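Shown next, in structure tokens, is the structure this report addresses.
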Amino acid sequence: MSGLRSYRSGDPAPLRWGLTLLALGFLGLFVALPLAAVFGTALEKGWRAYWAAIREPDALSAVRLTLLASGIAVVSNLAFGVAAAWAIAKFQFRGKNVLITLIDLPFAVSPVIAGLIYVLVFGARGWFGDWLDAHDIRIVFAVPGIVLATIFVTFPFVARELIPLMQSQGTDEEEAGISLGAGGWQVLYRITLPNIKWSLLYGIVLCTARAMGEFGAVSVVSGHIRGQTNTMPLHVEVLYNEYKFAAAFAVASLLAILALATLAAKSLLEWKTRRVYAALREEAAPEA
Amino acid sequence: MRGLRFRRYSILPGFWGSLGLSMLYLSLIVLVPLCAIFLKSAAMTWPRFWDAVTSPPVLASYKLTFGASLGAALVNAVFGFLVAWVLARYSFPGKKLVDALVDLPFALPTAVAGIALTQLYSESGWVGRRLLPLGIRVAFTPLGVLVALVFIGLPFVVRSVQPVLESADREIEEAAASLGASRWQVFSRVVFPMVRPALLTGFAMAFARALGEYGSVIFISGNLPMRTQITPLLIVAKLEQYDYAGAAALAVVMLAASFVLLLAINLLGSYSRKYMEAQ
Amino acid sequence: MSIEARHITKTFGRFLALRDVSLTVNDGELVALLGPSGSGKTTLLRIVAGLEAPDPGPDSALLFEGRDVTREGAGERRVGFVFQHYALFRNMTVFENIAFGLRVRPRKARPTASAIRERVRELLALIQLESLADRYPNQLSGGQRQRVALARALAIEPKVLLLDEPFGALDAKVRQGLRRWLRRLHDTMHVTSLLVTHDQEEALEVADRVVVMNQARIEQTGTPEQVFHHPSSEFVMDFMGSVNLFHGRIESGKAVFGPLVLEHAASGAVEGQTARLFVRPYDLDIRHTDGSSPSLRARVLRIQAAGPQVRVELQAETGEAVVVEMPHAQFREIGVRSGDDVFVGLRDARIFTEDYSI
């Protein structure tokens, strides 16, 4: 039947090229152009101005603050992610689904609200406002607040990567380890962690990228004090609002480079984790 | 009674430790602070609450936030589907690179996206200056908000639809073709229904993300009162005026909307799973 | 090390897996727990291993060489457990898998690195896989993985070896070879072993003693000969091999199955009670004439001569389907063909009546 023959040979060339160009045009307009604009505007005033903008003291302290807040958030969320995945994947208990839904919560909440909640609790007019004031502790409009907001926005990433993998892997190996006399930490360190290493790395990459780039939540709790409570995204905003476009885009370009590195790491790790899942499926239903 | 036990016996250690740590973490960082929103707005009298969530600038912001998010999600549904189709079925040089770049809106910090889009679409920008003679203004108009929301929602539809298209069984389509169906009929009667649940899920996720978006929008919107203010911006404005209760009230409205949407997404997710299993 | 389980009961939610089970395994014995799925055999094994906990009860206890181990965790009991699906550590080589139990010992009890290496090499030689020491589990065949799992369990010098359907996932030929290998291993090492299987052939071939389980209870324990030739219940007889079944009743003190009237010496047989006759296919003869032993008329339906014995399918005058097995020589002597009317004679059989005792 000619219908089948022509279907088998794929869509006709004009259609293919038309659709492809249309899709590429859309992506070009919405993805490639903004990316180009970042680097283009950053270098508008030449390389000298670019380096100057990056090495400027306020920019450097923004970089330091970003690294600090992200570092703490990632380490903290890593511990939580492993703990939560261990409880959820290796045990049966009531209310497991509630816990899993709670972990997904930050994805449903606007980043501005994520910042708002900490202001309501720790801000000057918040629950602990007076107590904190009396003890001269600042959380909101200071670094701790930024760390908290960053933790909130990024904590699902590691857990979400680990849970399905650990559930698929089951508990046999861990039980075998215990029956051979290993202690709990030995089982975690020697048996479980090596089995999940690629998904763990993937989760860490996603968590780090999000932590460093977070804007809305951090903006609300930060207080925008130059040189003290501005992360890189906030510093970009400050420069932009002062019409220092080239400088703003220079700092922004650092974040854009980070984003591209994240995409590269993501592709690589996605390939690795896909292989782990494929091996698991092989085991469950072997060919031979 | 045996059946009411909380958890099954296991020889693996660390259950209470890991569960306890997780619950403590969740409570301190998520649950307790979230309660603050509800408690704060519960402290308001009903008329004050109503006032806060229905004053004219707020209503205008609802219209803009909701309308632009819906519009952006629709644009992404159409073009995201197109991109997924092209990536799943056609090949061209540089396809791997393009595939990786689709995730850029996920990876790029929202502030960077925000200023880049503003730069592009402002009247002197690379795109803006070409649209100006056509009478189209993007920056500092609701259209700009739409553009920003299209950017950040792009990956959701593509990544939802792409796996379904990639794993589609071509034999079914070939069977339809051998029975005399035209290319368009094969698409509309065989392929599209199969992809529809994933498309709806991607649409809903893009919509949900757009509703809460802040960083990519506030630069290009210009934040003109009654015209281009999104609801998250109003929350920030109220905070800066120390109107904590008002901010909390708006947050309650937004959370309610997100909750409804999340429910819809989960329902869609199970609907599409059932559909796939039935295949 | 002897094992004694007393009055073990185990429920999972609403499901009763073990009901008041008691069992003794003597030092150095290889005992097979045999039964269909759901009989409780794997649960019992896991309780002995410490991977499950029995329901608490006043009399229930688990003793190793007289010592109560119910409080000890799986790691403390020094049992070697071989999992049904091997549970090899996928990220470690064969060598590292076997060495694991020795490497995780607390510092004071840990052997030196060279001692560990020595021991692992010994075990690799024992399981005949020296050349595969640096391979990963996913590079091994099923039979090889099973041997590594065994070596891993033996490395910690367990007092008790517990095997959960160790050969279930393997091909028939590999299974047979490993079965014999396991028996030889046991004969050299004399470790008290408990083996779970649903394959009666395996249990009969490998074990010193067989424990037949059904629906959370032990039906019978005994040597393979005892269990096979002197089954104490219908279930055991039916499970241990193919069997012909006839229905009848007790009348005037005798068991009547249609035209067959048999002496039934069992006490407690009540008049009018239903009775069932169990006969092994090779305990039946085919004759052309009625003979001295009790017999039935039957028509030959089908003859299957391809196999170690000849298998003849008949339909008895009472309507039941009957299968008779005999050696080829005997068959040739008799000379029957499909469609012939013959007599089927009983040489040996078991009669079971309704049992009202618990």
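So you know, we letter chains A, B, ... as the sequences are listed, proteins then strands, and number each from 1. In this text the structure is predicted, and so the values were computed from the model without any measurement.
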B:R170 bridged to B:E174 by N-O distance under 4.0 Å: no

Portion of A:L35 that has a non-hydrogen atom of chain B nearer than 4.5 angstrom: side chain

Region of A:F107 in contact with chain B, defined by heavy-atom distances below 4.5 Å: neither

Name the region of B:I11, side chain, backbone, both or neither, that has any atom closer than 4.5 Å to a heavy atom of chain A. both

Which atoms of B:Y244 approach chain A - backbone, side chain, both or neither, heavy atom under 4.5 Å: both

Close side-chain approach of B:Q119 to A:F249, heavy-atom, < 4.5 Å: yes

Checking B:T231 against B:T65: is there a side-chain donor and acceptor pair closer than 3.5 Å? yes

Closest approach of A:P111 to B:G212 (non-hydrogen atoms, all atoms of both residues): CD-O, 3.5 Å

Is it the backbone or the side chain of B:L250 that comes under 4.5 Å from a heavy atom of chain A, or both, or neither? neither

Quick one: what part of A:T20 sits under 4.5 Å from any heavy atom of chain B, side chain, backbone, both or neither? both

Sort out for me which of B:Y121, B:Y214, B:W16 touches chain A most, counting heavy-atom pairs under 4.5 Å. B:Y214

Would you call the rings of A:F245 and A:Y240 parallel, tilted or perpendicular if under 30° counts as parallel and over 60° as perpendicular? tilted

May I ask you to test the B:L34-B:L255 pair for a side-chain heavy-atom distance under 4.5 Å? yes

Option that, when pairs with chain A are counted at under 4.5 Å, heavy atom only, ranks first among B:A111, B:A208, B:A84, B:G125: B:A111

Under a 4.5 Å cutoff for heavy-atom pairs, which residue among B:G114, B:S22, B:A107, B:S10 has the most contacts with chain A? B:S22

Only pairs of heavy atoms separated by less than 4.5 Å count here; which of B:D99, B:L239, B:V98, B:L261 has the most with chain A? B:L239

Chain A heavy atoms under 4.5 Å from B:M205: which part of the residue, side chain, backbone, both or neither? neither

Heavy atoms, side chains only, cut-off 4.5 Å: are A:E214 and A:T231 in contact? no

Using non-hydrogen atoms only, which part of A:L263 is less than 4.5 Å away from chain B: side chain, backbone, both, or neither? side chain

Contacting moiety of B:L39, where chain A heavy atoms sit under 4.5 Å: side chain

Could you tell me which portion of A:L19 (side chain, backbone, both or neither) has an atom closer than 4.5 angstrom to a non-hydrogen atom of chain B? both

Sort B:Y90 into side chain, backbone, both or neither according to what part of it lies under 4.5 angstrom from a heavy atom of chain A. side chain

If you tally heavy-atom pairs under 4.5 Å against chain B, which of A:T41, A:V220, A:L15 wins? A:T41

For a 4.5 angstrom cut-off between non-hydrogen side-chain atoms, does B:L101 reach A:L27? no

Please classify the contact between A:K266 and chain B as side chain, backbone, both or neither, with a heavy-atom cut-off of under 4.5 Å. side chain

Given heavy-atom pairs under 4.5 angstrom as the criterion, report whether the side chain, backbone, both or neither of B:A251 touches chain A. both

Do A:I257 and A:F39 have side chains that get closer than 4.5 Å, going by heavy atoms? yes

So, do A:V153 and A:P106 sit near enough that their side-chain heavy atoms are less than 4.5 Å apart? no

Within the structure provided, determine whether B:F92 and A:L24 are in side-chain contact (heavy-atom separation under 4.5 Å). yes

Side chain, backbone, both or neither of A:A36 within contact of chain B (heavy atoms, under 4.5 Å): both

So, the part of B:I115 with a heavy atom under 4.5 Å from chain A: the answer is both

In terms of heavy-atom pairs under 4.5 Å with chain B, which of A:M212, A:E174, A:R210 leads? A:E174

Side chain, backbone, both or neither: which part of A:F30 has an atom under 4.5 Å from a heavy atom of chain B? both

For chain B, the option from A:I151, A:V251, A:T101, A:D104 that forms the most heavy-atom pairs under 4.5 Å: A:I151

If you look at every heavy atom in B:S41 and B:V252, which pair is closest and at what distance? OG-CG2, 3.1 Å

Search all heavy atoms of B:G153 against all heavy atoms of B:N76 and return the closest pair with its distance. C-ND2, 3.3 Å

Given heavy-atom pairs under 4.5 angstrom as the criterion, report whether the side chain, backbone, both or neither of B:T110 touches chain A. both

Heavy-atom pairs under 4.5 Å with chain A, option from B:L82, B:I235, B:V102 with the top count: B:L82

Quick check for you: among A:A209, A:A108, A:G40, A:A23, which has the greatest number of heavy-atom pairs under 4.5 Å with chain B? A:A23

Heavy-atom closest pair, residues A:S219 and A:E237: OG-OE1, 4.4 Å

Heavy-atom cut-off 4.5 Å, strictly under: side chain, backbone, both or neither for B:F259 against chain A? neither

Atom group of A:S76 that falls short of 4.5 Å from chain B, counting heavy atoms: both

Atom group of A:F152 that falls short of 4.5 Å from chain B, counting heavy atoms: both

Partner of B:F156 by ring pair (Phe, Tyr, Trp, His ring centres under 6.0 Å), out of B:F207, B:F151, B:F106: B:F106

Side chain, backbone, both or neither of B:L87 within contact of chain A (heavy atoms, under 4.5 Å): neither

Candidate pair A:V109 and B:V30, rule side chain to side chain contact (heavy atoms under 4.5 Å, CB included), full reasoning: CA-CA 11 Å; A:V109 170; B:V30 179; over 6 Å; no

Residue pair A:L99 / B:L26, side-chain heavy-atom distance below 4.5 Å: yes

A:V31 versus chain B, heavy atoms under 4.5 Å apart: side chain, backbone, both or neither? both

Non-hydrogen atoms of chain B under 4.5 Å away: do they reach the side chain of A:L29, the backbone, both or neither? both

Option in A:E175, A:M232, A:K96 with maximal non-hydrogen atom pairs under 4.5 Å from chain B: A:E175

Heavy-atom closest pair (A:V140 atom, A:V119 atom, distance to 0.1 Å) is CG2-CA, 3.9 Å

At a 4.5 Å cut-off on heavy atoms, which part of B:V32 comes close to chain A: side chain, backbone, both, or neither? both

Less than 4.5 Å to any heavy atom of chain A: does that hold for the side chain of B:V147, its backbone, both, or neither? both

Considering non-hydrogen atoms only, spot the tightest contact between A:T154 and A:A211 and give its length. CG2-N, 3.6 Å

Show your working on salt bridge (Lys or Arg N to Asp or Glu O under 4.0 Å) between A:E270 and B:R159 and close with a plain yes or no. CA-CA 13 Å; A:E270 231 159 30; B:R159 292 315 191 204; over 6 Å; no

Under the criterion ring-ring contact (aromatic ring centres under 6.0 Å, His included), I'd like the reasoning laid out for B:W85 against B:F187: C-alpha separation, chi angles, the key distance, then a yes or no. CA-CA 11 Å; B:W85 180 271; B:F187 174 77; 5.4 Å; yes

Need one label for A:V236: side chain, backbone, both or neither, based on atoms under 4.5 Å from any heavy atom in chain B. side chain

If you count heavy-atom pairs within less than 4.5 Å of chain B, which of A:V121, A:L206, A:I113 leads? A:I113

